[in-house]
Amino acid sequence: DQDWQAFFTYYKRWIIHYALLAEMYGFDGLCIGTEFRHTTLEKPDEWRALIQDIRKIYRGDLTYAANWGEECEQLSFWEALDFVGVNCYYPLHKDEGASDKDLQKGAQRVVDKLESIQRKAQRPVWLTEIGYRSATAPWQSPHAEAGQREIDDQAQARCYEAILAATYQKDWIKGYFWWKWPSDLSHDESNGRGYMPVGKPAQAVLSRYYEAGIR
């Protein structure tokens, strides 16, 4: 219990600093934490108290970035926040040779899961992390290391196509934070197996959906 108390004492000091900066500079939203699975599931009342303290300083929208699976599905204080935040690395299909139709069905299962969370929370959703590697079968375990897999830019693009087709017209999904998009646009990850879509076919998929959305 003393360790828990110490954690929340020091964490409060830390996050209040950033809440103050967010208020000073007029940030639209603030994510108060990322993937603290044990603390959020075991100590929800402490998080509720922390959120109340943050709101005394920061007037913008608040979210928390919960890990896919158990944490986001069982988190009990979504109602204290403005947005459900999900780091969305749900698999799209278990087979390496999945077809586009398989990926579409998998993406729909992900949407069904997210919608179940959204309905229970009665809050809109931000996908606070979502992404796929440009490597062989990234749909199997989107969060996994590249290992010995081959470069496959088209496989990455196929995942982007499947998940965007399933989500972009859902009015309760309010934003995507793609893992990962560099702040330094001169950074080049072409011929790599990382998550960046920049300069790869996945970027063209993103552009097409963005342009469709603004029309």
Side-chain angles (χ1 to χ4, degrees), residues 1-91 110 113-133 138 140-147 172-184 187 189 194-196:
D1 288 340
Q2 289 179 333
D3 291 339
W4 278 116
Q5 185 177 1
F7 169 79
F8 281 103
T9 296
Y10 289 117
Y11 193 80
K12 176 182 174 180
R13 293 179 187 175
W14 179 81
I15 196 63
I16 289 295
H17 168 74
Y18 288 99
L20 179 59
L21 290 176
E23 179 66 21
M24 289 170 61
Y25 290 101
F27 288 7
D28 295 326
L30 176 66
C31 181
I32 66 170
T34 300
E35 297 180 7
F36 285 113
R37 178 170 61 89
H38 293 292
T39 68
T40 58
L41 297 184
E42 296 178 31
K43 298 291 182 179
D45 290 341
E46 285 81 351
W47 281 96
R48 289 190 179 94
L50 178 62
I51 292 165
Q52 289 178 354
D53 289 333
I54 292 170
R55 290 198 185 278
K56 295 174 184 177
I57 294 171
Y58 175 66
R59 293 173 292 178
D61 290 325
L62 295 180
T63 192
Y64 167 84
N67 199 22
W68 65 278
E70 179 187 33
E71 187 182 22
C72 70
E73 294 166 20
Q74 296 184 16
L75 195 139
S76 62
F77 56 87
W78 287 127
E79 83 289 343
L81 297 163
D82 301 295
F83 288 85
V84 170
V86 180
N87 290 356
C88 188
Y89 294 101
Y90 286 99
V110 173
K113 179 70 69 176
L114 294 173
E115 188 169 18
S116 176
I117 298 167
Q118 185 270 330
R119 286 181 175 177
K120 182 178 179 181
Q122 291 295 297
R123 293 291 184 273
V125 174
W126 279 337
L127 301 181
T128 41
E129 277 187 37
I130 185 169
Y132 305 90
R133 288 184 178 275
Q140 290 179 309
S141 297
H143 65 289
E145 297 293 332
W172 46 268
I173 296 179
K174 298 299 186 181
Y176 307 77
F177 294 82
W178 294 100
W179 185 265
K180 50 190 173 181
W181 193 279
S183 56
D184 178 6
H187 183 70
E189 198 189 72
Y195 286 91
M196 281 177 52

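All residue numbers in this chain count up from 1 along the given sequence.
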Mind running side-chain contact (heavy atoms from CB on, under 4.5 Å) on Ile117 and Val125 for me, showing each step along the way?
CA-CA 9 Å; Ile117 298 167; Val125 174; 6.0 Å; no
Salt-bridged, Glu73 to Lys120, with N to O below 4.0 Å?
no
Gap separating the CH2 atom of Trp126 from the CG atom of Asp61, nearest 0.5 angstrom
5.0 Å
Where is the tightest heavy-atom contact between Pro142 and Pro91, given as atom of each residue plus distance?
CD-CA, 3.9 Å
What's the shortest heavy-atom distance between Pro124 and Lys174, and which atoms?
CB-CG, 3.6 Å
dist Trp172:CH2 -> Gln122:CD (nearest 0.5 Å) comes out at 12.5 Å
Chi angles and distances behind the side-chain contact (heavy atoms from CB on, under 4.5 Å) call for Gln118, Arg123:
CA-CA 6 Å; Gln118 185 270 330; Arg123 293 291 184 273; over 6 Å; no
Nearest 0.5 Å, what's the CD1-OH distance between Ile32 and Tyr58?
11.5 Å
Non-hydrogen atoms of Ile16 and Ile57 that approach each other most closely
CG2-CD1, 3.3 Å
Let's go through Trp47 and Thr39 carefully: what are the C-alpha distance in whole Å and the side-chain angles of both, what is the deciding distance for side chain to side chain donor-acceptor pair (under 3.5 Å) to 0.1 Å, and is it a yes or a no?
CA-CA 8 Å; Trp47 281 96; Thr39 68; 3.2 Å; yes
Should Pro182 and Lys180 count as side-chain neighbours, where that means a heavy-atom distance under 4.5 Å?
no
Are there over 12 heavy-atom neighbours, none belonging to Asp45, within less than 6.0 Å of that residue's CG?
yes
Scan for side-chain hydrogen bond (donor to acceptor under 3.5 Å, both in side chains) pairs involving residues 78-89, sequence neighbours excluded, and state none if there are none.
Glu35-Asn87, Arg48-Glu79, Arg55-Asp82, Asn87-Thr128, Tyr89-Glu129
Where do Cys88 and Ile130 come nearest, in terms of heavy atoms and distance?
O-CG1, 3.6 Å
Determine, step by step, whether Lys113 and Tyr90 satisfy the side-chain contact (heavy atoms from CB on, under 4.5 Å) criterion, reporting the C-alpha distance in whole Å, the side-chain angles of both residues, the deciding distance to 0.1 Å, and the verdict.
CA-CA 10 Å; Lys113 179 70 69 176; Tyr90 286 99; 3.5 Å; yes
With a 4.5 Å cut-off on side-chain heavy atoms, are Phe8 and Lys43 touching?
yes
Hey, could you give me the OG1/CD distance between Thr40 and Glu71, rounded to the nearest 0.5 Å?
3.5 Å
Centroid-to-centroid, Trp14 to Tyr10, below 6.0 Å?
no
Does any part of the side chain of Tyr64, heavy atoms only, come nearer than 4.5 Å to the side chain of Leu75, both counted from C-beta?
yes
Closest non-hydrogen contact found for Ile51 with Ala80 is CG2-O, 3.5 Å
Determine yes or no for a side-chain-to-main-chain donor-acceptor pair under 3.5 angstrom, with Arg133 supplying the side chain and Ala144 the backbone.
yes
Distance in Å, Leu50 CG paired with Thr9 OG1, rounded so as to fall on 0.5 Å steps
10.5 Å
Give me the ring orientation class for Tyr11 and Phe7: parallel if the planes are under 30° apart, tilted from 30 to 60°, perpendicular past 60°.
parallel
Report, as yes or no, whether the 6.0 Å neighbourhood of atom CD on Glu42 holds more than 12 heavy atoms from other residues, nucleotides or ligands.
yes
Are more than 12 heavy atoms from other residues, nucleotides or ligands located less than 6.0 Å from atom CG of Asp1?
no
Between atom CD1 of Ile15 and atom CD1 of Ile54, what is the distance when rounded to the nearest 0.5 Å?
5.5 Å
